[in-house]
Q: 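Please find one structure pasted underneath; my questions will follow.
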Amino acid sequence: MRRTVILTMLSISVTAAVAAASEHVVGQKNKAFTAKSLRVKVGDTVSFRNDDPFFHNIFSLSEVKSFDLGSFPQGQSRSATFDKPGVIEVECAIHPEMKMTIRVEK
Amino acid sequence: LAALAGAVLLAMTPAAARDAGDPYLRPAKAPEPAHNRSTPERVVLGKALFFDPRLSGSDWISCASCHNPALGWSDGLPTGIGDGMKRLKRHTPTIVNIGFATPLMWDGRAPNLEEQALGPIAAGEEMNQDIPGLIKKLSRLEGYVSMFEKAYPGEGITEKSIGKALAAYQRTVLSTESPFDRWRKGDARAVSDSAKRGFDLFTGKANCVKCHEGFNFSDNGFHNIGLKPTGPEPDMGRFGQRKVAIMRGAFKTPTLRDIALTAPYMHNGMYATLEEVVEHYDRGGDVQDNLSPEMKPLDLTAQEKADLVAFMKSLTGRPMQVVVPQLPN
């Protein structure tokens, strides 16, 4: 009985955490991000959607969150989840003038 | 009436149907940073520095030694030659329209012209001149002391003012009106039918426009186009600056303006003609490892290849005329 209660509580807790996390969408259009900066919460996911008729390759080499989403064409998206607070510079490797900042808050 | 309007638009060719906002026509001047607005004094100073071999450790190599206006602001060699006649590993890029191109260098390591201008001067394998030594050298020449004071009052001869003057001059190195430009402006006879077909291929089947876009025919981006290596060590290109997988072997997209004047081609100068370049792209590149996903075999006919070359040659205008300056003493 006690075990069942603990499992139920854990399940509620996980469900609450999942419910609290949000997904944000940032497009890439005309070799620019559709947002220059974005504020998200720890645990949130950002989906990067390519609206240009050529490939983009979104990445970050920031200490807080380093990722390389690979190259993807028009109409496709790639996502990154931000699990630590801090400021993250996001760029396109192919088109270096494409830059944005994501501020991850607790 | 609508039919008549349509007929008029067709008769005007692709060009005149557009207004002054044609993305294929060059803006009148290159953008300038707020801290280095162009003035005649700054351009004159930068021009003197650009042509002065005393900017090198050997007092023998100037910026113009490699970026020679008589050779399309390049050097006509597969790869440049630096201090001590040593062969460099990359092709000397033209500086035509360089004021529109950021970041700079084949691997994009210079964020702007002001910083880029100092790089080859200080590089041991290129001009091999340490900057403090250069400042001393220039400060002993009264002519330069006076020119710097007129161009950058109160700043003196410093690393920053040298870089700014060179940048100010290089922003004046611009492509001139080419047959392609005249066609875009409405002169239907400015280019051949082959070149017109080539433009359609360039923006369509051949996929060139994915990277060579806009009036300068460059996306200012970086791509691995699958060139065979020409040296014993693979050149990692942009990866040296950005440790992102797709950047291994990727290089800056060069302008195609004045392309007929700047052979040989590619970052390693491996192709002597535009025909060879088109064959490379038709094969979809040679080295498939880490190839840009934009690269695909094109299956072009012989006529289509000739049309693409005709189009690219139509991007070459009558070169900007340059009077070599008398250097200060």
Side-chain angles (χ1 to χ4, degrees), chain A residues 26-38 45-82 84 86-102 104, chain B residues 21 23 31 33 100-112 115-116 202-214 216-226 236-253 288-296:
Chain A
V26 174
Q28 296 119 59
K29 183 74 179 165
N30 298 325
K31 284 197 298 175
F33 289 107
T34 52
K36 278 279 176 198
S37 61
L38 184 68
T45 295
V46 178
S47 174
F48 296 93
R49 187 191 63 231
N50 185 353
D51 295 325
D52 275 328
F54 38 77
F55 281 78
H56 287 301
N57 193 121
I58 306 308
F59 77 99
S60 176
L61 299 177
S62 297
E63 282 184 24
V64 177
K65 175 78 180 180
S66 174
F67 61 90
D68 175 5
L69 301 181
S71 300
F72 52 101
Q74 186 173 35
Q76 289 193 16
S77 299
R78 296 282 190 279
S79 297
T81 299
F82 297 89
K84 286 184 194 165
V87 178
I88 293 140
E89 300 283 340
V90 180
E91 301 174 51
C92 173
I94 299 168
H95 308 104
E97 72 270 39
M98 288 176 60
K99 295 176 196 282
M100 72 168 295
T101 303
I102 295 177
V104 184
Chain B
F100 297 99
T102 52
L104 297 132
M105 315 292 274
W106 282 112
D107 58 11
R109 64 183 181 275
N112 55 60
E115 290 184 41
Q116 186 282 327
F202 189 91
T203 53
K205 178 182 175 183
N207 218 20
C208 316
V209 78
K210 295 258 181 176
C211 306
H212 292 283
E213 66 165 23
N216 208 27
F217 295 91
S218 170
D219 61 355
N220 286 324
F222 296 85
H223 308 268
N224 181 334
I225 57 168
M236 301 299 270
R238 179 66 170 164
F239 191 74
Q241 307 300 315
R242 288 285 185 280
K243 297 283 187 284
V244 181
I246 195 69
M247 292 293 99
R248 271 193 298 110
F251 293 86
K252 177 88 187 282
T253 308
Q288 298 297 308
D289 179 41
N290 211 47
L291 188 67
S292 163
E294 304 286 8
M295 293 287 291
K296 301 275 187 323

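Values below: every heavy atom of this structure, side chains too, minus hydrogens, waters and symmetry copies. Letters A, B, ... mirror the listed sequences (proteins, then strands); counts begin at 1.
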Q: I'd like to know whether NZ of A:Lys99 has more than 12 heavy-atom contacts from other residues, nucleotides or ligands below 6.0 angstrom.
A: yes
Q: To the nearest 0.5 Å, what is the distance between CE (A:Met98) and CG (B:Asn220)?
A: 13.5 Å
Q: Rounded at 0.5 Å granularity, tell me how far CG in B:Asp219 sits from CG in A:Asp52.
A: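 The CG atom of A:Asp52 is 11.0 Å from CG of B:Asp219, to the nearest 0.5 Å.
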Q: Could you state the interatomic distance from NE2 (A:His56) to CD1 (B:Ile246), rounded to the nearest 0.5 Å?
A: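 Taking NE2 in A:His56 and CD1 in B:Ile246, the distance rounds to 13.5 Å.
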Q: How long is the gap from CD1 on A:Ile94 to NE2 on B:His223, to the nearest 0.5 Å?
A: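 It is 6.5 Å, given to the nearest 0.5 Å.
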Q: Once rounded to the nearest 0.5 Å, what's the spacing between atom CZ of A:Phe55 and atom OG of B:Ser292?
A: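 With rounding to 0.5 Å, CZ (A:Phe55) is 7.5 Å from OG (B:Ser292).
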Q: So which part of B:Gln241 gets closer than 4.5 Å to some heavy atom of chain A, the side chain, the backbone, both or neither?
A: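 Neither part.
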Q: Can you find a heavy atom in the side chain of B:Arg238 that is under 4.5 Å from one in the side chain of A:Pro96?
A: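 The answer is yes, as the side chains (C-beta and beyond) meet within the 4.5 Å cut-off.
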Q: In residues 100-111 of chain B, which residues are in contact with chain A at a heavy-atom separation under 4.5 Å?
A: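 If one takes a 4.5 Å heavy-atom cut-off, the residues of residues 100-111 of chain B near chain A are B:Pro103.
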Q: Looking at side-chain heavy atoms only, is the closest gap between A:Phe54 and B:Glu213 below 4.5 Å?
A: yes
Q: Given a strict heavy-atom distance threshold of 4.5 Å, which part of B:Ala245 is in contact with chain A: side chain, backbone, both, or neither?
A: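 For B:Ala245, heavy atoms of backbone and side chain both lie under 4.5 Å from chain A.
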Q: A:Phe59 versus chain B, heavy atoms under 4.5 Å apart: side chain, backbone, both or neither?
A: side chain
Q: Out of B:Glu294, B:Met247, B:Lys210, which one racks up the most heavy-atom pairs below 4.5 Å with chain A?
A: B:Glu294
Q: Does CD in B:Gln288 sit with more than 12 non-hydrogen atoms of other residues, nucleotides or ligands closer than 6.0 Å?
A: yes
